[in-house]
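Notes follow once the structure below has been shown.
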Amino acid sequence: MTQPQATATTTAPMVAATDLRRSFGTGERTVHALRGVSFSIGRGELTALKGRSGSGKTTLLNLVGGLDAPTGGSIALDGTDLAGLNEDGRLALRRERIGFVFQSFGLIPMLTAAENVGVPMRLRKVSAAEREERAHTLLALVGLADHANQRPGELSGGQQQRVAIARALANDPGLIIADEPTGQLDSETGRSIMQLLRAVVRSEGVTVLVATHDPTLMELADRVIELRDGRIVEEEATGQAA
Ligand SMILES: Nc1ncnc2c1ncn2[C@@H]1O[C@H](COP(=O)(O)OP(=O)(O)O)[C@@H](O)[C@H]1O
Ligand SMILES: [Mg+2]
């Protein structure tokens, strides 16, 4: 199977969105979830996407992650225009270049933490020995070295989200997309998850785009993009570096 290869150049931003639009439905019932959104995100940045419920955050993340296609405009990841990829190409890109983190963790209940982290590597046919070694390295990175053999039901919400972050890192992606990863956690645990994402951006050089409507978490981001009714209303550099 031939996949369009990424034509990454060192100068391309990790994410470049140009006049991105997404509407759902037709006629009077059309919902304009995104009404022309343009931005770019450089490598190794932690960008927070804020905005009320219904402002278009999930729609935008789905487009950036190749889970959905725009009604108009374009999106390029690391120099690859997603419109130029077929479904197989998008699937390969999602598997190999992007890690996803969700509000509800999305772990497989029957698998141990280490096995959950191994799932994306399995899909790439990485050997069992290599999977196990990398899973343990990643679980140590997220502070769960001693929990590798526990199943999700035996872990707290914050621990489950740490496993999900380790899993998102499994294939060494350039980009991690997290949709309200702290939405099911108490504020202190949520903050520790944001701090972990912050640390991972630094240590792994990964780029993170995270939707959240928790204002206390914004200060940990390099940059905040705010959506309101499908448009960017303000962009601010927080200058955070601690
Ligand atoms: N699949 C869909 N079909 C119809 N409307 C949708 C769909 N997905 C999202 N929307 C609408 O698009 C708008 C933005 O939704 P969403 O991106 O989920 O916002 P957020 O994640 O910021 O809460 C909302 O009005 C929502 O109802
Ligand atoms: Mg959402």
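Numbers for residues simply follow the sequence, beginning at 1. Counting convention: from 1, in listed order, for ligands and their atoms alike. These values consider heavy atoms only, across backbone and side chains, with no hydrogens, waters or symmetry-generated copies.
- Between M121 and A135, the shortest heavy-atom distance links the atoms CE-N, 4.1 Å.
- A distance limit of 4.0 angstrom between heavy atoms and ligand 1 selects the residues F24, V31, A33, R52, S53, G54, S55, G56, K57, T58, T59.
- Here the closest non-hydrogen pair linking L20 and P70 is CD1-CB, 3.8 Å.
- In summary, D19 and R21 engage in a salt bridge, as defined by a charged side-chain N under 4.0 Å from a carboxylate O.
- Looking at R94 and E87, a side-chain N of the basic residue comes within less than 4.0 Å of a carboxylate O on the acidic one, giving a salt bridge.
- Using a cut-off of 4.0 Å between Lys/Arg side-chain N and Asp/Glu carboxylate O, K57 and D179 are scored as not salt-bridged.
- A salt bridge is absent between E45 and R43: the closest approach of a Lys/Arg side-chain nitrogen to an acidic carboxylate oxygen does not fall below 4.0 angstrom.
- Note on D229 versus R35: no salt bridge recorded, every NZ/NE/NH1/NH2 to OD/OE distance being 4.0 Å or above.
- Listing protein N, O or S atoms at distances below 2.8 Å from the Mg ion (ligand 2), with waters left out, gives T58 OG1.
- A salt bridge links E219 with R191: the closest approach of a Lys/Arg side-chain nitrogen to an acidic carboxylate oxygen falls below 4.0 angstrom.
- A salt bridge is absent between E96 and R124; no separation between the charged side-chain nitrogens and carboxylate oxygens falls under 4.0 Å.
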